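First comes the structure, then the notes that go with it.
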Amino acid sequence: MDFRLRREEKLKSKKLIEALYSNGNSILVYPFRMVYLPIDHKANQVVQCGFGVSKKKFKRAVDRNRIKRLMREVYRQQKHIIYKDLDKKHIIMINYIDEKLPNYVQIEEKLILLLIKFMEKVKD
RNA sequence: AAAGUAGGUCGCCUUAUCGCUCCGAGUAUUCGGAGAGGAAAGUCCGGACACCAUAGAGAAUCGUAGCGGAUAACAUCCGUCCGGUGUGAACCGAGGACCAGUGCAACAGAAAGCAAGUACAGUUCGGCUGUAGUGAAAUCAGGUAAACUCUACGAGGUGCAAUGCUACGUAUAUUAGAGCUUGAGGGUACUCGCCCGAUUCUAAGGGGUAAGCAGCUAGAUGUAUAUAGUAAUAUAUAGACCAGAUAAAUGAUAAGGACGUUUUUAAAACGAACAGAAUCCGGCUUAUGACCUACUUUUAUU
RNA sequence: CGGGAUGUAGCGCAGCCCGGUAGCGCACACGGCUGGGGGCCGUGGGGUCGCAGGUUCAAAUCCUGUCAUCCCGA
């Protein structure tokens with residue numbers, strides 16, 4: 001199984017992100033909010049995914065970096081949940097919307113829930 | 001022992017597994033190397049660098065302010081004089097000039113310049129001298145310049161979202177006004193000068209693209225030693241290469257070892273502050289954990 | 001990353017340039033006009049002037065630092 005998270009799998013294009021926020025659907029699994037959109041992006045990967053933390057909720061850059069790194073780490077290990085039977089290309093943005101600093105276990109538990117819920121929605 | 005003052009050092013380390021970014025090999029997924037700070041922060045000063053006339057002149061505006069030195073430069077640093085604060089170690093100071101001119105001084109007070117002069121006492125009888133009272137300051141051409149101002153010195157403007165190139169794409173749509181060599185407008189306030197200037201400029205209202213490369217990290221670089229100097233610093237020699245991301249790398253898990261605290265003397269448990277590079281340097285300021293050294297004051301003992 | 005603005009009563013603002021008394025509107029409390037409500041009139045309360053230093057006899061005002069909020073820029 002591939003546990004790597006390459007540059008191609010990160011959502012970076014400003015244009016795609018704008019399209020995502022204006023047309024995408026959202027799922028809320030506290031403390032995360034996921035926005036997703038099936039779209040044919042150029043990259044050679046099934047999913048492009050981005051991570052966000054609000055500057056209003058976490059003033060220090062250290063805290064924002066910390067949360068994004070934890071989210072990225074969990075996503076890297078658990079992305080096979082959505083990769084194994086997703087046939088259409090998607091772009092995803094996951095935002096952290098709580099106001100408290102989380103630890104690794106909390107993020108792992110909730111992010112897995114979020115990914116499972118995402119698969120259920122996509123299959124319908 | 002307590003309270004305090006000044007200066008300095010460090011900012012957990014090692015290994016394994018799974019990953020991230022860059023560089024070099026190699027070649028179609030492997031190997032090797034490197035990978036946050038003392039403040040990376042605030043953006044408060046000073047430069048380098050880039051473009052705008054080969055970046056000029058004037059005026060205005062702003063900044064600095066004992067004296068001497070350091071420096072690429074500074075509002076920084078070093079030395080020193082003076083003033084202030086503190087019992088003291090020490091610390092703080094925008095510390096030039098109100099005999100150039102203008103302004104200001106609430107309340108109180110007779111009076112805080114353009115005019116006045118209270119009360120008492122002494123008198124050489126001259127509205128002369130002293131005292132009292134008000135006030136931060138009182139008759140003296142006084143106080144006040146972080147009041148205007150004057151003096152000396154300094155500063156052209158804009159900033160890596162600078163600037164150069166490649167790719168993609170569009171609209172020279174429309175409306176109103178101005179102008180076309182007798183010059184609208186622009187070159188980041190103003191005037192002059194110089195330069196550019198017609199498929200142009202201004203306003204309204206729209207359309208497209210926001211992808212890549214260079215700039216981008218070897219430098220007023222840091223380390224050690226010697227010499228000059230009270231010092232800041234400078235010079236010489238040796239050897240070192242030390243992040244370059246762009247929705248933005250430096251992470252996760254486990255084990256072990258140091259450090260601190262608590263319970264206890266075998267060990268166990270817990271904990272590690274402030275905080276994350278974005279063109280690069282020199283400072284300042286602010287946030288912040290632990291330890292060390294020297295000194296001061298107070299109390300106690302010898 | 002760079003440039004700029006604003007913090008004054010519960011809310012919205014003036015006063016700051018040129019230093020001595022902190023004020024206006026709405027809201028609040030009390031009283032009056034009315035049979036009552038609304039409305040109008042009158043009176044009153046409420047302020048660390050974002051925070052910390054400095055200059056000054058005296059600071060919301062001048063200077064410095066700091067915190068927060070907002071705006072602009074390929």
Side-chain angles (χ1 to χ4, degrees):
Chain A
M1 214 176 283
D2 191 7
F3 284 113
R4 289 177 305 184
L5 187 67
R6 291 292 195 41
R7 190 175 279 179
E8 293 177 338
E9 299 173 59
K10 289 189 201 161
L11 180 60
K12 303 205 300 197
S13 162
K14 222 170 197 174
K15 213 172 164 184
L16 285 178
I17 292 167
E18 256 171 44
L20 175 63
Y21 275 109
S22 47
N23 301 324
N25 304 309
S26 72
I27 304 173
L28 190 77
V29 175
Y30 201 79
F32 299 109
R33 179 165 170 276
M34 177 199 263
V35 187
Y36 67 95
L37 183 69
I39 193 169
D40 187 25
H41 52 78
K42 299 263 167 64
N44 195 20
Q45 297 285 340
V46 184
V47 176
Q48 278 196 324
C49 187
F51 302 90
V53 182
S54 165
K55 196 171 186 176
K56 289 234 162 130
K57 297 194 170 139
F58 295 92
K59 281 192 98 47
R60 311 284 175 205
V62 182
D63 299 334
R64 293 197 301 274
N65 277 343
R66 172 85 188 152
I67 294 167
K68 282 199 276 187
R69 280 168 184 160
L70 288 174
M71 283 161 73
R72 203 158 48 222
E73 176 67 14
V74 173
Y75 179 79
R76 180 177 72 78
Q77 293 183 0
Q78 306 296 341
K79 66 178 183 176
H80 60 266
I81 296 174
I82 58 173
Y83 269 54
K84 60 184 174 193
D85 41 22
L86 194 65
D87 35 10
K88 261 198 272 180
K89 285 190 174 181
H90 278 73
I91 52 175
I92 297 176
M93 192 82 194
I94 301 174
N95 284 300
Y96 186 80
I97 55 173
D98 201 0
E99 294 184 7
K100 282 174 295 191
L101 203 65
N103 60 28
Y104 181 77
V105 180
Q106 290 168 335
I107 287 195
E108 188 178 37
E109 187 186 332
K110 294 291 181 180
L111 199 65
I112 292 171
L113 268 175
L114 180 69
L115 293 178
I116 292 169
K117 199 165 175 184
F118 167 67
M119 284 313 293
E120 286 171 2
K121 276 228 175 186
V122 169
K123 278 177 186 166
D124 298 343

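Proteins get letters first, then strands, A, B, ... in listed order; numbering begins at 1 in each. Predicted model, so just to flag it, every value in this text is computed and none were measured.
- Judged by atom type and distance alone, A:R76 reaches the base of B:rC18 through a side-chain donor-acceptor pair under 3.5 Å.
- Following rounding to the nearest Å, A:H80 (NE2) and B:rC18 (P) show an atom-to-atom distance of 17 Å.
- Taking atom P on both C:rU43 and C:rG50, the two are 30 Å apart, rounded to the nearest angstrom.
- Scanning for side chain to side chain contact (heavy atoms under 4.5 Å, CB included) contacts around A:R60 gives A:D63, with sequence neighbours left out.
- Taking atom CZ of A:F3 as the reference point, atom P of B:rC20 lies 13 Å away to the nearest angstrom.
- Map A:R4 and A:G50 each onto its nearest nucleotide of RNA chain B; the residue landing nearer the 5' end is A:R4.
- If you take atom C1' in B:rA184 and the same atom in B:rC213, they sit 40 Å apart, rounded to whole Å.
- For the pair A:L70 and A:N65, both in contact range of RNA chain B, the more 5′-proximal nearest nucleotide belongs to A:L70.
- One interatomic measurement links the two molecules: CZ of A:F51 to P of B:rG19, which rounds to 16 Å at whole-angstrom precision.
- A:I17 comes within 4.0 angstrom of a nucleotide base, judged by non-hydrogen atoms across all strands.
- Contact between the side-chain N/O atoms of A:R69 and the OP1/OP2 oxygens of B:rU250 is found at a separation under 4.0 Å.
- Taking atom NZ of A:K59 as the reference point, atom P of C:rC67 lies 11 Å away to the nearest angstrom.
- Listed pair A:R60 / B:rA275 meets the phosphate criterion, a side-chain N or O lying under 4.0 Å from OP1 or OP2.
- Between B:rA145 and C:rC57, the two P atoms lie 8 Å apart (nearest whole Å).
- Between the P atoms of B:rA36 and B:rC259, the separation comes to 26 Å (whole Å).
- The interatomic distance linking A:Q77 (CD) with B:rG251 (C1') rounds to 11 Å, in whole Å.
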Let me check I have this right: for RNA chain C, each base becomes ., (, ), [, ] or |, based on Watson-Crick or G-U pairs with both distances under 3.5 Å. What is the full string? (((((((..((((......[..)))).((((((.....)))))).....(((((..]....)))))))))))).
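- Counting any heavy atom pair closer than 4.0 Å across all strands shown, A:K15 reaches sugar-phosphate atoms only and no base atom.
- Sorted by first and then second residue, the pairs that involve residues 92-124 of chain A and meet ring pair (Phe, Tyr, Trp, His ring centres under 6.0 Å), not counting sequence neighbours, are A:F32-A:Y96, A:Y36-A:F118, A:H90-A:F118.
- At least one donor-acceptor pair under 3.5 Å links the side chain of A:R64 to the backbone N or O of A:F58.
- The partner of B:rC216, taking Watson-Crick or G-U wobble pairs whose two distances both stay under 3.5 Å, does not exist in any strand shown.
- Nearest heavy-atom pair across A:G24 and A:L37 is CA-CD1, 4.0 Å.
- Rounded to the nearest Å, the gap between the C1' atom of B:rU71 and that of B:rG282 is 10 Å.
- Under the Watson-Crick or G-U wobble criterion, with both distances below 3.5 Å, B:rC51 is paired with B:rG157.
- One finds a side-chain N or O of A:R72 lying less than 4.0 angstrom from the OP1 or OP2 phosphate oxygen of B:rA248.
- A distance-only check finds a donor-acceptor pair linking the side chain of A:Q48 to the backbone of A:E8 [under 3.5 Å].
- Residues A:I82 and A:L115 share a closest heavy-atom pair of CG2-O, 3.8 Å.
- Proximity of A:R6 to the phosphate of B:rU21: no side-chain N or O atom is located under 4.0 Å from OP1 or OP2.
- Distance from the side chain of A:A61 is smallest for B:rG276 among the nucleotides B:rG19, B:rG251, B:rG276.
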